[in-house]
Each structure stands twice: as structure tokens, then as C-alpha cells.
Amino acid sequence: KRTIFKIDLYGQSYEMRKPTVVEAVNFQKNLTGTESDQLSRLTDFFVSLGLPKQAIDQMEVEHLVTLAAEISASSKKK
């Protein structure tokens with residue numbers, strides 16, 4: 001069974017699943033290009049994990065990066 005976790009963004013709750021090893025590796029490999037390219041890939045990655053694009057579009061960049069770090073850190077703990 002996939003691990004699902006809940007996140008609270010600006011008072012709204014969402015559920016996301018943790019990425020698989022293959023998804024995480026592919027994502028890391030594709031983090032190239034301009035900052036705009038990287039943010040676009042990060043958005044696509046989070047959408048693939050279940051976070052609605054509308055929610056991502058409302059996030060501050062720093063919060064998006066923090067969420068990415070949290071997902072990465074929690075995946076490494078396993």
C-alpha cells in the first residue's frame with residue numbers, strides 16, 4: 001500500500017502520496033535548465049503525486065521548495 005500524507009496549505013488540506021524510487025530518481029535527473037523550467041517540473045511532479053495544480057499555483061516559491069525538501073528527506077529516512 002502506498003504511503004499517503006496530508007499537508008495543510010494556507011488552511012486547506014490535501015493528500016499526496018510519496019514518490020516511488022523510480023519517480024524520485026527521474027525527477028532528480030530532470031532538474032536542469034532555468035529556474036522557471038525547474039519550477040515547472042516540480043509542479044508537474046507534485047501534480048503526479050496528487051497535489052492539485054490550482055493549489056500549487058497559489059503557493060509561494062519558498063513553500064514549494066520546502067515541500068520538495070520534506071518529501072525528499074522523508075523518502076531518504078525509509
### Message
Let me check something: do Ile4 and Val47 share a hydrophobic cluster, defined by ILVMFWY side-chain heavy atoms less than 4.5 Å apart, either directly or through other members?
### Response
no
### Message
Tell me every residue that passes side-chain hydrogen bond (donor to acceptor under 3.5 Å, both in side chains) with Asp37, counting only those two or more places apart in sequence or in another chain.
### Response
Thr34
### Message
Please tell me whether Phe27 and Val61 are part of a single hydrophobic cluster in this structure, the criterion being side-chain heavy atoms less than 4.5 Å apart.
### Response
yes
### Task
With sequence neighbours excluded, tell me which residues meet side-chain hydrogen bond (donor to acceptor under 3.5 Å, both in side chains) with Thr20.
Glu23
### Task
Give a yes or no answer on whether the side chain of Ser40 reaches the backbone of Ser36 with a donor-acceptor pair at less than 3.5 Å.
no
### Nearest non-hydrogen partners of Pro52 and Tyr14, listed with the distance
CD-CD2, 3.6 Å
### Query
Do Met59 and Leu9 have side-chain heavy atoms sitting under 4.5 Å apart?
yes
### Message
I'd like to check Phe5 versus Arg17 (side-chain heavy atoms, cut-off strictly below 4.5 Å). Are they in contact?
### Response
no
### Query
How many angstroms lie between CG in Leu64 and CD in Gln38, if you round to the nearest 0.5 Å?
11.5 Å
#### Entry: Nearest non-hydrogen partners of Phe45 and Pro19, listed with the distance
CZ-CB, 3.6 Å
### Query
Taking all atoms of both residues into account, what is the closest heavy-atom pair of Tyr10 and Glu60, and its distance?
OH-N, 3.0 Å
### Query
Any side-chain heavy-atom pair from Met16 and Leu67 closer than 4.5 angstrom?
yes
### Task
Determine whether Leu42 and Ile56 make a side-chain contact, defined as any pair of heavy atoms from C-beta on separated by less than 4.5 Å.
no
### Test item: Arg41 side-chain N/O and Thr32 main-chain N/O as donor-acceptor pair under 3.5 Å
yes
### Task
Taking side-chain contact (heavy atoms from CB on, under 4.5 Å) as the test, write out the residues that go with Val21, two or more places apart.
Val25
